[in-house]
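Heads up, the thing below is written out as structure tokens.
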Number of protein chains: 2
Amino acid sequence: RPHFVTGVKVQLEMQALWQQFDQLGTEMIVTKAGRRMFPTFQVHISGMDPAADYVLLMDFIPVDDKRYRYAFHSSSWLVAARADVATPGRMHFHPDSPAKGSQWMKQTVSFDALKLTNNLLDDNGHMILNSMHRYQPRFHVVYVDPRQDSQLHAHRNFCTFSFPETRFIAVTAYQNHRITQLKIASNPFAKGFRTTDPDDWPVTYLLAFIHNDDYPPSHSVFGTPTGHFNIENIFFF
Amino acid sequence: RPHFVTGVKVQLEMQALWQQFDQLGTEMIVTKAGRRMFPTFQVHISGMDPAADYVLLMDFIPVDDKRYRYAFHSSSWLVAARADVATPGRMHFHPDSPAKGSQWMKQTVSFDALKLTNNLLDDNGHMILNSMHRYQPRFHVVYVDPRQDSQLHAHRNFCTFSFPETRFIAVTAYQNHRITQLKIASNPFAKGFRTTDPDDWPVTYLLAFIHNDDYPPSHSVFGTPTGHFNIENIFFF
DNA sequence: AGATTACCACCTAGGTGCAAAGGT
DNA sequence: ACCTTTGCACCTAGGTGGTAATCT
């Protein structure tokens with residue numbers, strides 16, 4: 001009974017919102033104490049073996065070897081330098097892991113507990129990122145093989161999904177004012193900063209998906225499996 | 001390798017507070033939407049096999065076959081009638097179940113998500129109790145036996161703990177005013193009802209354990225295992 | 001100058017007992 | 001009479017970006 005992950009399909013939730021941010025150049029705040037992502041990374045999963053155990057993880061890989069800076073006069077991102085030294089990448093286990101395929105598939109899987117930090121010495125299990133660097137979130141589905149010789153088949157028990165629209169630049173303070181306004185318009189916790197008169201909001205900042213008849217999308221949009229990786233990469237780096 | 005639960009020891013947390021309530025006659029609010037218990041049922045566990053999987057559960061059994069009423073003039077509980085028809089008892093699985101013994105033992109296990117309701121048609125998974133009836137909370141440790149013939153050994157894989165000081169009468173509104181005042185004095189969420197001047201509080205309502213040098217207690221106080229019960233009782237009643 | 005930090009007012013989300021109203 | 005329900009003000013707990021101070 002091989003290939004427990006080959007049929008797995010993953011659909012990104014809130015894709016319209018992610019795309020709206022991506023068009024402006026998504027920024028995510030990093031703080032010493034740890035900051036949640038917004039939008040939250042959420043997926044809908046299908047094609048798992050309902051009775052099998054799976055572990056779900058996320059990590060963040062550098063998109064390139066660059067350090068960026070924001071040019072306010074031109075409202076654009078510029079390459080500032082070569083990337084700073086990368087810290088060893090951490091893995092974030094979804095707190096419900098491990099769980100049966102039936103559990104993961106019956107409702108949206110949300111990584112709302114995940115936090116981003118720029119503290120290299122963080123001991124709260126947050127994801128350590130370099131500010132002013134660009135990252136690609138990755139999502140991993142790991143089949144928990146109960147067999148004794150499971151390590152022999154480990155390379156078959158993983159599957160990785162990357163959604164290009166979830167890329168972002170880590171920042172300690174927002175640079176692009178349009179990103180700030182879209183965050184304020186769409187994040188319920190930032191309601192205190194909204195203009196009292198909704199008519200004042202530029203159309204760009206309104207959430208198209210709220211009034212979009214095609215939400216959720218009628219056509220499924222799947223992430224692209226980016227190939228397998230070694231089990232050592234997950235547990236020891 | 002039999003008897004995975006025989007060595008398990010369970011210590012009730014906040015025992016001094018429980019005893020303070022018990023001396024007055026603990027009351028727990030039940031509502032249609034579900035109400036949390038206060039104090040929260042919390043335990044510290046030792047003696048598990050760190051590598052074995054356990055499921056932790058709670059249920060509530062009637063202390064007697066009586067329905068009570070409160071006599072305000074004498075400030076005491078009286079027997080009002082025979083008990084109303086008992087609803088099929090539900091089991092509350094600790095949301096972290098199943099988990100390894102090492103996980104359960106490394107910190108306090110808290111049942112703060114558990115809610116009590118008087119709604120016989122509740123479909124939120126809350127514990128259904130009859131108001132004005134008296135109950136004894138029970139705590140169950142279940143070893144998850146990976147063997148195929150696990151049902152043959154099921155009677156050995158359970159252990160039940162009852163703490164007499166956690167007994168209570170379910171109510172829709174507090175009857176004993178001293179219970180109300182102790183709840184207000186000790187539950188952080190009821191701080192809005194506290195007298196602004198702490199010096200006004202009767203000594204009885206002060207939380208002895210806060211200034212008690214013996215907190216947490218230096219002597220361990222264990223619950224009394226109340227014997228084994230059949231696996232069918234847990235999963236099918 | 002550019003990037004980071006600490007503190008803040010303002011939210012969301014939900015746990016309290018109270019008081020008045022409703023039910024049987 | 002006795003018990004239950006509902007709406008409420010007042011909390012806890014924690015997620016927002018703004019702002020001013022601080023670091024390098």
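Letters go in sequence order (proteins before strands), and every chain restarts at 1.
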Residues which pass salt bridge (charged side-chain N to carboxylate O under 4.0 Å, His left out) with A:K32, listed by chain and number, not counting sequence neighbours: none

Can you give one letter per nucleotide of nucleotides 4-10 of chain C, 5' to 3': B if a protein heavy atom sits under 4.0 Å from the base, S if only from the sugar-phosphate, - if neither? BBS---S

On DNA chain D, check which nucleotide each of A:K115 and A:T180 is closest to and give me the residue with the more 5' one. A:K115

What residues form a ring-ring contact (aromatic ring centres under 6.0 Å, His included) with B:H94, not counting sequence neighbours? B:W104, B:F111

Partners passing side chain to side chain contact (heavy atoms under 4.5 Å, CB included) against [X] (at least two apart in sequence or in another chain):
| X | result |
| --- | --- |
| A:L121 | A:N119 |
| B:K66 | B:D64, B:Y68, B:V79 |
| A:R67 | A:A81, A:D84, A:M132, A:H133 |
| B:E27 | B:W77, B:V171, B:Y174, B:Q175, B:N176, B:I179 |

May I ask you to check if B:K9 and B:F161 form a cation-pi contact, with NZ or CZ under 6.0 angstrom from the six-membered ring centre and within 45° of the axis? no

Is the gap between the ring centers of B:F72 and B:Y70 under 6.0 Å? yes

[X] [atom1] - [N] [atom2] separation (whole Å):
| X | N | atom1 | atom2 | answer |
| --- | --- | --- | --- | --- |
| B:H177 | C:dG17 | NE2 | P | 13 Å |
| B:K183 | C:dC18 | NZ | C1' | 15 Å |
| B:I179 | C:dC18 | CD1 | P | 13 Å |

Is there a donor-acceptor pair closer than 3.5 Å between any side-chain N or O of A:T117 and the backbone N or O of A:M127? no

Between the main-chain N or O of B:F168 and the side-chain N or O of B:Q136, is there a donor-acceptor pair closer than 3.5 Å? no

What residue pairs, at least two apart or across chains, pass salt bridge (Lys or Arg N to Asp or Glu O under 4.0 Å) with a residue in residues 105-132 of chain B? B:R90-B:D122

With a strict under 4.0 Å distance from non-hydrogen atoms of chain B, what nucleotide opens and what nucleotide closes the contacted stretch of DNA chain D, reading 5' to 3'? D:dC2 to D:dT12

DNA chain C contacts made by residues 33-42 of chain B, counting heavy atoms under 4.0 Å: B:R35, B:R36

Exercise answer: donor-acceptor pairs, residues 33-41 of chain B side-chain atoms, under 3.5 Å, sequence neighbours excluded:
none

What is the bend of the helix from C:dA1-D:dT24 to C:dT24-D:dA1 when you compare the axis at one end with the axis at the other, using five pairs each and rounding to 10°? 10°

Would you give the length of the straight line joining atom CE of A:M91 to atom CG of A:D59, rounded to the nearest 0.5 angstrom? 3.5 Å

